[in-house]
Number of protein chains: 2
Amino acid sequence: MITTRRMLLDTAGALLERQGYHATGVNQILSVSGLQRGSLYHHFPGGKEELAVAAILDRARRSERFIERHLGAVGDPADAVQALVEALADRVAHDADGASPPFAAVTLEAGPGLERLRDACRHAYTGIRACFEAKLVASAHEPARAASLAAVITAAIDGAFVLCRVDGDASPLRQVAKELAVLLRRPPPGGATAARAAPVGTDV
Amino acid sequence: MITTRRMLLDTAGALLERQGYHATGVNQILSVSGLQRGSLYHHFPGGKEELAVAAILDRARRSERFIERHLGAVGDPADAVQALVEALADRVAHDADGASPPFAAVTLEAGPGLERLRDACRHAYTGIRACFEAKLVASAHEPARAASLAAVITAAIDGAFVLCRVDGDASPLRQVAKELAVLLRRPPPGGATAARAAPVGTDV
DNA sequence: TTGCGCCTGGACCGAACGGTCCATATGCTT
DNA sequence: AAGCATATGGACCGTTCGGTCCAGGCGCAA
């Protein structure tokens with residue numbers, strides 16, 4: 001049955017995102033999903049870690065599609081990133097418990113003995129950075145600078161999720177949305193490109 | 001004995017930073033520190049959570065002092081933040097396993113039932129943001145913008161630590177150092193304030 | 001209908017978890 | 001030297017952990 005596997009991936013993914021790997025027990029995954037141990041170990045013979053890896057990779061794919069869709073909808077990269085992060089903030093505002101960076105907790109917990117999980121997280125972060133990088137390169141940024149900006153965007157969003165969690169409030173994400181837009185509108189320090197700075201600004 | 005308490009705080013703090021709360025067992029804290037259960041529960045009758053809270057608060061104080069020292073040593077806030085983040089990158093480069101945001105993992109894991117821990121994390125993040133905010137306000141930034149920039153700085157550093165972990169490399173922090181400096185040198189979007197570089201006094 | 005896959009329910013397991021308890025040091029006060 | 005609070009070593013406890021196992025349920029092909 002496909003729906004059982006899907007249920008496991010979604011449940012495990014949501015719990016991993018919110019709580020991390022060690023705080024998420026197999027029993028919790030089962031009780032939340034309403035399934036039984038036999039099903040889990042049938043679909044994921046490798047147990048908890050195999051399920052976690054599959055759930056992370058699944059959510060990584062979804063995250064990339066989400067980002068690509070948003071970045072593709074707006075031409076200017078500064079506006080596009082701002083809109084994307086505002087959308088994440090809206091999501092946090094509706095569902096306060098959803099204030100979680102998708103992979104940070106699991107990444108930080110994946111120590112020795114969980115190499116597969118670590119690889120999955122690396123894959124996720126690499127893909128996400130690549131989405132931003134592609135958008136920036138397509139908007140005439142130099143490749144090295146695009147990579148640098150993509151890392152900052154990814155890092156700031158992740159960190160903002162953490163701040164949203166401690167604040168119980170979406171404003172850190174909104175602050176990051178605004179400031180990333182400021183950063184992205186600035187011509188590179190080398191000054192090669194003429195100021196496309198534009199009078200756009202002034203939205204709060 | 002004070003050294004026993006100190007040993008527990010340092011050991012627990014380091015493990016919590018690297019692995020998070022649930023991945024860090026009481027047995028691990030004891031074996032790494034070379035102490036015994038009796039000592040731990042004597043100094044921290046509240047057990048694992050009380051020790052974790054104390055360790056987090058302890059490290060929060062140290063983090064604030066570290067940040068204040070670095071920000072106080074350089075007048076211009078952009079240069080100061082850049083130097084601070086470069087210093088963190090150097091630390092990561094030497095000690096690859098030290099690539100951990102100090103409080104992110106624990107923050108994300110602190111769900112229902114660990115409210116004290118969550119409060120400690122909130123306190124830590126609030127204090128760290130306040131350090132940056134104070135520096136920016138002292139450098140003639142408007143308060144609202146200073147708060148926004150402080151949140152972005154804090155978030156970007158945290159996220160960069162996560163990226164350093166997955167990359168096994170300090171370059172995300174170096175990229176963030178560079179880009180934060182770019183952002184901080186940029187006048188606010190409204191264009192009103194021309195942030196004249198601060199009086200070089202080592203305030204804070 | 002019978003047989004034969006895949007899938008699920010759920011009892012069961014050893015190990016590890018956090019926590020309790022107390023006998024015994026240790027060192028300070030008198 | 002005696003007495004006492006503080007601190008430590010370590011056995012022990014109940015619970016929960018992730019994981020195994022297998023008896024049946026189900027759907028489909030002959």
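Just so it is clear: chains get the letters A, B, ... in the order the sequence lines come, proteins before strands, and each one is counted from 1.
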*Measure across B:Arg129 and A:Asp167 and return the closest heavy-atom pair with its distance rounded to 0.1 Å.*
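Minimum heavy-atom separation between B:Arg129 and A:Asp167: NH2-OD1, 2.8 Å.
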
*Please name the pair of heavy atoms, one in A:Pro77 and one in A:Leu136, separated by the smallest distance, quoted to 0.1 Å.*
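Looking at all heavy atoms of both residues, the closest pair is CB-CD2, 3.8 Å.
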
Protein-nucleotide distance ([X], atom [atom1]; [N], atom [atom2]), rounded to Å:
X       : N      : atom1 : atom2 : result
B:Glu50 : C:dG19 : CD    : C1'   : 13 Å
B:Arg6  : D:dA7  : CZ    : C1'   : 18 Å
A:Glu49 : D:dG19 : CD    : P     : 9 Å
A:Leu40 : C:dG10 : CG    : P     : 16 Å
A:Lys48 : D:dT20 : NZ    : P     : 14 Å
A:Met7  : C:dG9  : CE    : P     : 12 Å
A:His22 : D:dT16 : NE2   : C1'   : 15 Å
A:Gln28 : D:dG18 : CD    : C1'   : 14 Å

Does the pair [X]/[Y] count as a salt bridge with the N-to-O cut at 4.0 Å?
X        : Y        : answer
A:Glu17  : A:Arg59  : yes
A:Asp95  : A:Arg91  : no
B:Arg174 : B:Asp169 : no
A:Arg145 : B:Glu179 : yes
A:Arg122 : A:Asp119 : yes

Reckon [X] has a side-chain N or O less than 4.0 Å from the OP1 or OP2 of [N]?
X       : N      : answer
A:Thr4  : C:dT8  : yes
B:His42 : D:dT8  : no
A:Asn27 : D:dC17 : yes
A:His43 : C:dT8  : yes

_Among D:dT20, C:dT8, C:dG18, which nucleotide has an atom closest to any side-chain atom of B:Tyr41?_
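When the side chain of B:Tyr41 is considered, C:dG18 is the closest of D:dT20, C:dT8, C:dG18.
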
*If you check the B:Ser39 side chain, which of C:dC7, D:dT6, D:dG9 turns out closest?*
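The listed nucleotide nearest to B:Ser39's side chain is D:dG9.
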
*Can you sort out which residues in residues 29-38 of chain B have a heavy atom within less than 4.0 Å of DNA chain D? Ascending by number, please.*
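Heavy-atom contacts with DNA chain D come from B:Gln36, B:Arg37, B:Gly38.
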
